[in-house]
Amino acid sequence: LAHTIKTIKKCKIILLMGSTATEALLRKNVSDVSGLRVFSDFLPGIPIYPAPNPASLFWGVVGEFRHSLDELKKAKELK
């Protein structure tokens with residue numbers, strides 16, 4: 001986790017995909033925060049847009065994944 005945090009601290013915006021990564025960095029369930037702009041205690045000031053794992057799209061989370069990408073696109077347009 002420390003190496004991951006060190007690597008992504010250089011990012012301005014993060015698309016965080018998958019439940020394992022979301023639980024590790026945000027300590028929240030991906031289904032609770034998918035598509036929302038959230039912040040992590042590990043990465044202060046960097047907006048994070050959690051999304052479900054793309055492999056789970058076959059099981060019906062297409063809307064949550066698409067919403068996450070739409071919100072990320074909006075954030076990038078504002079920068």
**Message:** For G18, is there any backbone N or O sitting under 3.5 Å from a side-chain donor or acceptor partner on T22?
**Reply:**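 Such a contact is found between T22 side chain and G18 backbone.
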**Asked** Just by modelled atom types, is the S31 backbone N or O under 3.5 Å from a matching donor or acceptor in the S34 side chain?
**Response**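 No.
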**Message:** Before you tell me yes or no, could you show the steps for I5 and L25 under side-chain contact (heavy atoms from CB on, under 4.5 Å), namely the whole-Å CA-CA distance, both residues' side-chain angles and the distance that decides it to 0.1 Å?
**Reply:** CA-CA 9 Å; I5 291 170; L25 285 177; 3.9 Å; yes
**Request:** Please name the pair of heavy atoms, one in M17 and one in P54, separated by the smallest distance, quoted to 0.1 Å.
**Result:**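 Taking M17 first and P54 second, the nearest heavy atoms are CE-CG, 2.9 Å.
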Using 0.5 Å steps for rounding, measure from the [atom1] atom of [X] to the [atom2] atom of [Y].
X	Y	atom1	atom2	result
S19	D32	OG	CG	12.0 Å
K10	I8	NZ	CD1	11.5 Å
R37	I14	CZ	CD1	13.0 Å
K28	L36	NZ	CG	9.0 Å
L43	T4	CG	OG1	10.0 Å

**Asked** Among the clusters formed by ILVMFWY side chains lying less than 4.5 Å apart, do I46 and V30 turn up in the same one?
**Response**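 No, I46 and V30 fall in different hydrophobic clusters.
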**Working for side-chain contact (heavy atoms from CB on, under 4.5 Å), residues I13 and Y49** = CA-CA 8 Å; I13 299 173; Y49 294 86; 3.8 Å; yes
**Message:** Let's go through K9 and F42 carefully: what are the C-alpha distance in whole Å and the side-chain angles of both, what is the deciding distance for side-chain contact (heavy atoms from CB on, under 4.5 Å) to 0.1 Å, and is it a yes or a no?
**Reply:** CA-CA 9 Å; K9 273 189 173 181; F42 299 113; over 6 Å; no
**Request:** May I ask you to test the P44-F39 pair for a side-chain heavy-atom distance under 4.5 Å?
**Result:**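 P44 does not reach F39 side chain to side chain.
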**Message:** When you compare the side chain of L26 with that of P50, does any pair of heavy atoms fall below 4.5 Å?
**Reply:**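 Yes - at least one pair of side-chain heavy atoms lies under 4.5 Å apart.
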**Message:** What I want to find out is whether E77 reaches K74 closely enough, with some N-O distance under 4.0 Å, to be called a salt bridge.
**Reply:**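 Answer for the salt bridge query: no.
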